Amino acid sequence: MALATLPALRDRRRLFVAAAPGFGKSWLVRSWLAGKRVTWAGADLDPGGNLDPGADFHPAAGLDPGSVEHWLVVDDLPALDTAAARTLAGRLDRLHPDVRVILVSRAPWPGRLPDGSAALDAHDLALPEPEVGRILAAGYGVDGPDLAAAVHRLTAGWPSLVHLAGRHLRTGDLASLCAPGTALDAFVAERVLDPLPVASRRLLRRLAEVGTACEELVGRRDHRTLRLLSHTGLVVPAEAPPGSYGLAPMPHWLRPVPALAEVAERREPLPEPARRRLHAGAATWYAERRVWAQAARSRSLAGDRAGTLALMREHGTAIVAAGGAQQVIEACAGAGGDLGLLRGEALAVTGRLDEALAQLTPLVAGRAVVEPGLAWRLGAVYYARAEHRAAVDALRRGRIERADTTDEALLLSWTATVHWSVGDDDACREHAHRALHAASAAGDARALAAAHVARALHAALSGDRAANAEHYTKALAHAEAARDAVQATRIRANLVSRLLEEARYPAALAGSAEAVTAAEAAGHASALCVALVNRAEALARLGRLDEAERCGERALAINQRAGSGKAAYALTVLGDVRACRGQRSMARAAYEEAVRAADTDGVRQCFVPALAGLARIVAADDPAAARVHAEKAVAHASGPLATRALLAVGWVAVAAGDRPAATAAAVRAEQAARRHRDRAGLAEALELRAAATDRPSAQRAALVEATRTWPATGDDLGADRVAHQLGSLAGASAEERLAARLARGALEAAGVVLTAVGPAARPPHLAIRVLGRFEVVVNEVPVPASTWRSRKARDLLRILVARRGRRVAREELAALLWPDDGDEQRIAHRLSVALSTLRSVLDPDRRLPADHYVCAAPAALAADPAHMDIDLDVFLGEAEVGHRLHEQRRPAEAREVLAAAERRYAGDVFEDDPYDDWAVPVREEARATYLRVTRLLATLAAGRGDTDEAVGYLLKILARDPYDESCHRDVTDLLKLAGRHGEAMRARARYEAAMRELGRSAAAAG
């Protein structure tokens, strides 16, 4: 909601808030003005009467005594005509300069707002989709991103409708949300429709019938009514209707809120003659603007079957191209001849591939040579199904005479595309060049777009990035000139693929969102799947694994419904996500299914990545099979795919302990990555080079270079993975070790499972917890008390950890552990026994050097923090980094790091053994750091206006220090500022009680 918008309007003396019932207008104003001097006037206000609060001004409770600003709020102001509005504006002008005014109404201000005024309307108050999801989950216990999107689409973010939907969905489903007798039906009928003027209800009903409209289509007579409905939120902005791609200038399209339209349509149905006249008029309007898809739809709804088919015969190809394939399918049902051919193309575009084949196959039965228009359409269907042999056969049957027509150019373009998909460089190049010549001879923009796509694909196959970019730019320009939404969406999806190949992940993510939206609007199922797979890969690279998996699963479902072997693309990206999460069995199943689907008919572009993924996932369990998969991937790879195949060979060699083979693969992968501008491939090749050597200096050099390469891609997971590896190297600096811990936390938070690289056994992971209860965890298994056999060995570790890597003299240890024993020889022996016991607990299999965890010199002992995961060290490091980020004015990053530190503080150091004097310094240091971290988090939350979070942190401080005066005062002030006066009074009472215990008064302390 627009609550955060209101403070930005403080420089205006007047604010006018207008929206339909249920948009939370009054709640919004009350929330913002909590704790301020406010006079409320009701709906019975006389615009010509006296408005000055004067002596009758009644300030709200909890008023800041230093404030001189007064607010006058007129709630539920009735609709005004121009004269009444002018009179009211005059009265407002005569108010005292310190009085600010908010007018709240269900109707917009007539005409121009008075000077010095600002306005909020329903579009400012509507809830965005994420907020809808939060309300459904937190308020009503119904969850799911698809559900939130569906509710937002149905309600357009209308707050009351969202809450009514949440209540309904507790026991009902979305399909029955607007059914007769539901709470939403009653609300819309009684609170929204019944009070509307007759003209508004009539226009709403017409809009519900038409669906998407604009001022010009509605008609000049209803312009004012349409604007009123728009300002109050009954009509909302809409996407352009299908088939209107390229319409210029593009109108401002509108539609009624779908839930409102459904209720209005049912309660006040249009008479059939009026309905037909409405659609006939719309058909004429659309035809005049060459929006043939909508003209055909409107003619059909008007009952003009003959006129609809005439439009299809004349403009059917343009209708499909402009995104009106569904209209063609419906209009041409049962038709034969050219209309049957057109319907087959439309079915293929929408992903109904089996039906498309059933429509087109009979047209080629028994014919060795067919028309080029039939051949390319049938070949495109087989290509969409990933049946490339059948596609080549269908395309070869197309008749090419002079190669100067649109259909001939499209036939050659599709032939080049099929050869690209199977990796046939020569055939792809030949047909792409012929396609461009034919398209140029035909002079058709649609054919030129397809030909340049074919040339771009060949350029990608041969590694010519500049030519690839040039041809895609030209292709998109021709597609837009032809108003060809189908090809434009295909081009946009392919451009995102190019960004992914170059590891430009943030740009790819932004482009994929546009590509998905464009493909949905065009109804282009194949382009939608490509866009979704691209989006899934970009999301996965940026660490958003849940969203990536949802995109991949949606693409998979679309492909599976279509019966397309291109499901292999979605399966591969799902395999990548699951492998990243450590879901090895699920990842392997996805890769194996992708390999089967891609290998059926040579989908080279997916076969290689699927094989590479499969090789890496089975490397540990079946090295021989992994090597076969990886080598097969290299044998089939061409162009940018070579990098991924070579990386698979290298990682399989690392798993098998074959360092020379891994090094050779790393070198070749680096070369391939540089050739194709693949920064991610280059960074991973550097990681592979580090894993392939046992020389620490070479490992460090490769990983340092990788840390400089990953950030340029936006791949935080890759950057964190390398930071974790770099901090784990022997001799890593304290800063590198801290960075490694932070990186590990970020990877774990993203759901990434870190796996060991290489055949050598890794040292056991040792975690020591001293915040709260002392605990030692080896390989994620807590060490039981019985394992220690000696409390002195356990205490020895506690002392060494508390000194945080500093040496502790043996004499000091003896005095701390055996203060009452004066026999130096016996104490020395006891210390040796305790040290031996300690080492056996930390490394029970004796696989590591004796000083791996504890370094023993003749005069002193010291723990080695580089080989231990100590929560205290991580906590103090996170606190330091968080404060540094805050000083650098990077509040979002500071908040993230500080919040992690606050969560990590499970209690005071050695809280389960509170009486050891030697632990006091480190305990006090950690406690003071925690209070400072939590105080800064509260400050950051208050600065964002998040009162609940700020108060929550302050209460945590008071739980540990109930006498913190400034903290008590801050809690009270924040609650008062938020208008939560009852909570503020209780907080004040706690403050006063704490001060009385200290013998002080709260007033004096404040």
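Since the structure is predicted, the reported quantities are computational estimates derived from the model, not experimental observations. Positions are given from 1 along the sequence.
Although no hydrogens or angles enter the test, the distance criterion places no donor-acceptor pair under 3.5 Å between the side chain of Asp871 and the main chain of Arg904. Distance alone, capped at 3.5 Å, places no donor-acceptor pair between the Asp864 side chain and the Tyr853 backbone. Thr713 places no side-chain N or O within 3.5 Å of a backbone atom of Thr709 that could act as its donor or acceptor partner. For Asp843 (side chain) and Leu848 (main-chain N/O), a donor-acceptor pair under 3.5 Å exists by modelled atom type.
Residues passing the ring-ring contact (aromatic ring centres under 6.0 Å, His included) test with His471 are His452, sequence neighbours excluded. Partners of Asp393 by side-chain hydrogen bond (donor to acceptor under 3.5 Å, both in side chains), not counting sequence neighbours: none found.
Inter-residue side-chain proximity for Arg668 and Val649 is flagged as unmet; no heavy-atom pair is nearer than 4.5 Å. Residues Arg455 and His433 are in side-chain contact: their nearest non-hydrogen atoms beyond the backbone lie under 4.5 Å apart. No side-chain heavy atom of Gln725 sits under 4.5 Å from any side-chain heavy atom of Gln699. The shortest side-chain heavy-atom distance between Ser638 and Asp425 does not fall under the 4.5 Å cut-off.
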Distance-only check: which donor-acceptor pairs under 3.5 Å involve side-chain atoms of residues 535-543, not counting sequence neighbours?
unit_1, atom_1, unit_2, atom_2, d
Arg535, NH1, Leu509, O, 3.1
Arg535, NH1, Ser512, OG, 3.0
Arg541, NE, Tyr505, OH, 3.2
Arg541, NH1, Asp715, OD2, 3.3

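The pair Arg744-Asp869 fails the salt-bridge criterion, with no side-chain N (NZ, NE, NH1 or NH2) lying under 4.0 Å from an Asp/Glu carboxylate O. A salt bridge does not link Arg492 to Glu514: none of the charged side-chain nitrogens sits closer than 4.0 Å to a carboxylate oxygen.
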